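Data first, discussion second: the structure below is written as structure tokens.
Heavy-atom basis, side chains included; hydrogens, waters and symmetry copies ignored. A quick note: this is a predicted structure, and the numbers were derived from the prediction, not measured.
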Amino acid sequence: MDPLSLSASIAGLISITDMIAGRSYTYVKEARGASKEVRKLLEEITDLFGVLNSLRLVASRYEQEQFDSTMQSQHIYTCHTLLEKIKDQLDKADPSQVNGKKSQFHQKASMLGRTLIWPFSSTETKGLIAEVEKQKATLSLALAADGMTTLIEALSQQKAQGKGIAEIRENLAEQTLSLLSSERRRMLDTIGPYDPSGHQNIAVKLRQPGTGVWFTEGPQFKTWLGTRNAKMWLYGIPGAGKTVLTSSIIQAANNQFEQSNGIAFFYCDYKDSRTHDPLVILGALIRQLTIQDTRCLAKLEDFYKHHYPAPGSQAVIPITPEGFCELLQSMSTCFDDVMIIIDALDECGSDRSHVVELLASLNNGGQTNIKTLFASRLETDIEIHLQDYERISIAATSSDLKLYVASEIESRSRKGALRIRNQGLKKEIADRLVEGAEGMFRWVACQLDYLCELNTDKQLRKALSSLPPTLFSTYERILDRVNASNEDTQQLVQRVLTWIICSRQPLSTKELLQAVSINEGDTELDLEAMSDEEGILKWCSSLVRKTPDGDRLELAHFTVAEFLLAIGSKDSNTQKSSYTKYHVSPADQDLSLAKLSLTYLLFDNFRDKDWTGEDEFDEFIEGYDFYHYASDYWYQHAENHRDDDVLLDLAQVLFDPSKTNNFLHWSHYWTWTIKGEERIELSNASTLHFAASLSLYAICEWLIQEKGCESDLDKLSSIGTPLFCAFTGDDIILGMTGNISILTSPKRKSDKDGRKRTLEYLIEAGAQVNNTKLHPNHDWTALSLAFSFDFCWDILLERGVLVDDMCLEKVKYQLRSDRAEKFILGVGDKNLSDDMKPK
């Protein structure tokens, strides 16, 4: 829970209480049937108003305090529900609250003959008095809080036992990890390299206190908790708050589940392609269960040894998602019950249907003790695999929306972002936003962002009458505002959106500011051309936001990416020419980003700076925040565009055999970031070695044919020969460790064509492939490497490369595999020396 959100939620309650008090006073003065009970209720509501104001002061006092709490504030929710019940009835009974959509004549007609009548009976009023008194007493207890943690505890109904279970589970997991040997930790990192806890922490911070309690305290969730092999699917429209609700569910489950039970969760994320991979998703679930029970660790070890019979080896038997599912089901027997909670299945990319099918298979059949809860949009391919799941629509409830709107209005007003002179306008804004939201928190947030740009009450009222009805039309309004500005601003917005969506890893704000300032043809970093964070947030309002830690800017929502990708498509309503320049597609932008990154590496700022050694790295990159990204990712953006003339011209400058300062800086920095603290001697490595490692076959050809680098073809450097570099790709430094499983990563597999063309060219140019040592620290030969990587060994056999002892050893080790069988069948007489034939 975010302490700032808690203060805002209390402020929202104050706003609603103020409205009720004002309306109740009118009834006391004018309503027929207003009795002493009504006066008493007004007194209690006035007192509650005072308690809430005092409580806000307490919350504000501890806003900067560090604390660790996973509790929901149920009393905020309960108080809000009560206040909304009173307010709704008062609104219905008030003749001044007529339908604003009617004509002025019909509004006046609706008022004729209507007088104020108190909408509650005497008994109901007495009941409300008792409920308000109860809320006042409960919230008053929190006034004695001496810190944010105790304040949140006072506003929570959470039992100490529940909190204890969550803490015990967390402490047990930390203790288990700390006691693992390095080999077991490596095993755990291999099977489950991804940790979803970061997503959980972010989602918790985004949650408005008091929201979501309708579900976590409701009968459907409690039934799911208490039912063996339960299946539940929460679906909702974009922007309905599914991810934030999922974070509440995970916390509630942690707090209410017994220690003898297991729990694992995952967040799929459109921004991170790793979270679309079924092996990553299932591996994360396996990792979480493993550290909750030592018996699971034993099962994982058996599984690991079956697939990896020797430490550091490549998997002899490939790991499959189905195998992971079987392992999870086996691990579940170590617990009384296992809960698996997964958010945003709709964000799993092109493999979505397969992912859902796998996850749904975890508790197929009535014998398993696994219960699953999934959240996603309502998509047909997901629905097909979840036919037997209980379905619950989670469009934002009216109560949650009202609390969220009231809290946001108060919070933004306090900060001076939303400027309202007539306080009665707050109610008009709140009512209009709740009415137009149609269950979307996201739509409300966007409209509030827009309203905060307006300066007068007249402008605010005019805007309320013409709010865009959908998220996409809301985003179009933002681009209309950008298009009405100058060309520099339009270009800034285009570049910001492009870099955020298309970067291979998230850029820090400092990196992003430098990236968007680069133009093709630039020769140095121009500090005067750089924008600032405030300018970007101003013009990209509602499209981009700061991350909770404040270090990065990211898309504000999944729908922003969908909107930008859809611009100009036949199925989109967004086909206006004024929007097409904001269309973003990673495949279309890669070449441009590669050129810009390479342009940065070639800046005169680095050419004129002598290489002074790796000890000066920190000083070298000071002020050049984008250098790390440009160094590591320019060639990945270039992967499908290696034959582009402009890109080749830039690459030729960098890879000139004279080894310019730009090359020295880049090559040392790049290898240093891969290897870490250990330094590598690179003075005997040529630019051909590095061009081969990045599969730049055209640059290799240029170096050999036009720059006279034939002598480097078999040069044995500290990072191996060019042939070794071509085999290992951009993992050349990792390859120095002797771990031959490095090419199993998706990144390496995706570039097989480039590596194949590079290898073929080097061999055609005369690189030695028989009885040649490829690395100074290892006995690898070309054919043994090719077989170990399962890459291009067929090409080498066709060219008559001889089978050597090193290769034979690798084949024997994997004799049970399909690869070994295919290899043996591919060996002919031309591949066997007289000494090798008997073997």
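- Taking each heavy atom of Val496 and Val544 in turn, the nearest pair found is CG1-CG2, 4.4 Å.
- The backbone N or O of Ile394 sits nowhere less than 3.5 Å from a side-chain atom of Lys242 that would complete a donor-acceptor pair.
- Across all their heavy atoms, Ile10 and Leu52 have their closest contact at CG2-O, 3.4 Å.
- Residues forming a salt bridge (charged side-chain N to carboxylate O under 4.0 Å, His left out) with Glu133 (at least two apart in sequence, or on another chain): none.
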Item checked: Full working for side chain to side chain contact (heavy atoms under 4.5 Å, CB included) between Trp539 and Ser485 -> CA-CA 10 Å; Trp539 289 107; Ser485 66; 3.7 Å; yes
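- In this structure, Lys458 NZ and Arg421 CZ are separated by 13.5 Å, a value rounded to the nearest 0.5 Å.
- Here Glu562 pairs with Arg377 in a salt bridge; the nearest charged N to carboxylate O distance falls below 4.0 Å.
- Annotation: salt bridge (charged side-chain N to carboxylate O under 4.0 Å, His left out) contacts of Glu390 (sequence neighbours excluded): none.
- Going from atom CG of Leu83 over to atom OG of Ser15 covers 10.5 Å, rounded to the nearest 0.5 Å.
- Atoms CD1 and CD1, on Ile263 and Ile250 in that order, are 7.0 Å from each other to the nearest 0.5 Å.
- Counting heavy atoms from C-beta on, the side chains of Glu438 and Thr470 never come closer than 4.5 Å.
- Tyr582 has its side chain within reach of Val482: a pair of non-hydrogen atoms, C-beta onward, lies under 4.5 Å apart.
- In this structure, CG on Leu497 lies 5.5 Å from CG on Leu564, to the nearest 0.5 angstrom.
- When atom types are taken as modelled, the side chain of Thr17 and the backbone of Leu13 share a donor-acceptor pair closer than 3.5 angstrom.
- Across Leu565 and Val584, no two heavy atoms sit closer than the pair CD2-O, 2.7 Å.
- For Asp18 (side chain) and Ile14 (main-chain N/O), no donor-acceptor pair under 3.5 Å exists by modelled atom type.
- Of all heavy-atom pairs spanning Cys446 and Thr474, the tightest one is CB-CG2, 3.5 Å.
- Among residues two or more places apart in sequence or in another chain, the side chain to side chain contact (heavy atoms under 4.5 Å, CB included) test is passed with Thr243 by Ala203, Tyr267, Asp343.
- Counting only heavy atoms from C-beta outward, the side chains of Leu553 and Arg545 never approach each other to under 4.5 Å.
- With salt bridges taken as basic N to acidic carboxylate O contacts below 4.0 Å, one links Lys40 and Glu44.
- Side-chain contact check for Leu225 versus Met339: some heavy-atom pair is nearer than 4.5 Å.
- One distance of note links CD1 of Ile536 with OG1 of Thr509; it measures 8.0 Å at 0.5 Å rounding.
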Checklist line | Test side-chain hydrogen bond (donor to acceptor under 3.5 Å, both in side chains) applied to Thr559 and Tyr475, step by step | finding: CA-CA 10 Å; Thr559 53; Tyr475 299 150; 2.7 Å; yes
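- Of the inter-residue distances, the one linking Arg432 atom CZ with Leu464 atom CG reads 7.0 Å to the nearest 0.5 angstrom.
- Inspection of the Gln459 and Lys462 side chains reveals no N or O donor paired with an N or O acceptor under 3.5 Å.
- Ring planes of Tyr389 and Phe374: parallel class, angle under 30° (limits at 30 and 60°).
- Contact of the Asp346 side chain with the Arg352 side chain is registered, since non-hydrogen atoms from C-beta on lie closer than 4.5 Å.
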Next item on the list: Kindly determine whether Asp431 and Val434 satisfy side chain to side chain contact (heavy atoms under 4.5 Å, CB included), including the steps that lead there.
Entry: CA-CA 5 Å; Asp431 290 346; Val434 172; 6.0 Å; no
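- Between Ile567 and Leu479 the shortest side-chain heavy-atom distance falls below 4.5 Å.
- In terms of heavy atoms, Cys79 sits closest to Gln135 at CB-OE1, 3.3 Å.
- Under the side chain to side chain contact (heavy atoms under 4.5 Å, CB included) criterion, Arg461 pairs with Asn422, Leu425, Glu428, Asp457, sequence neighbours left out.
- With sequence neighbours excluded, no residue forms a side-chain hydrogen bond (donor to acceptor under 3.5 Å, both in side chains) with Asn201.
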Item checked: Worked check of side chain to side chain contact (heavy atoms under 4.5 Å, CB included) between Asp480 and Tyr579 -> CA-CA 8 Å; Asp480 287 337; Tyr579 301 141; 2.7 Å; yes
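- At least one side-chain heavy atom of Ile420 sits under 4.5 Å from a side-chain heavy atom of Lys426.
- In this structure, Trp443 has no ring-ring contact (aromatic ring centres under 6.0 Å, His included) partners at least two apart in sequence or on a different chain.
- Closest non-hydrogen pair, Arg477 versus Pro468, comes out as NH1-CD, 3.0 Å.
- Partners of Thr46 under the side-chain hydrogen bond (donor to acceptor under 3.5 Å, both in side chains) rule, at least two apart in sequence or in another chain, do not exist in this structure.
- By the side-chain hydrogen bond (donor to acceptor under 3.5 Å, both in side chains) test, Arg412 is found to be paired with Glu408, Asp449, residues two or more places apart in sequence or in another chain being considered.
- In terms of the side-chain hydrogen bond (donor to acceptor under 3.5 Å, both in side chains) criterion, residue partners of Glu131 (sequence neighbours excluded) are, by chain and number, Lys85.
- Not counting sequence neighbours, the partners of Thr227 by the side chain to side chain contact (heavy atoms under 4.5 Å, CB included) test are Thr223, Ala230.
- Looking at Glu453 and Arg481, their side chains come closer than 4.5 Å, going by heavy atoms from C-beta outward.
- No side-chain donor-acceptor contact under 3.5 Å links Lys402 to the backbone of Thr81.
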Next item on the list: Let me see the working for Phe120 and Leu41 under side chain to side chain contact (heavy atoms under 4.5 Å, CB included), right down to the final yes or no.
Entry: CA-CA 11 Å; Phe120 300 102; Leu41 179 60; 5.6 Å; no
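- The salt bridge (charged side-chain N to carboxylate O under 4.0 Å, His left out) test applied to Arg419 returns no partner, not counting sequence neighbours.
- Under the side chain to side chain contact (heavy atoms under 4.5 Å, CB included) criterion, Glu347 pairs with Asp269, Tyr270, Ala344, Phe558, not counting sequence neighbours.
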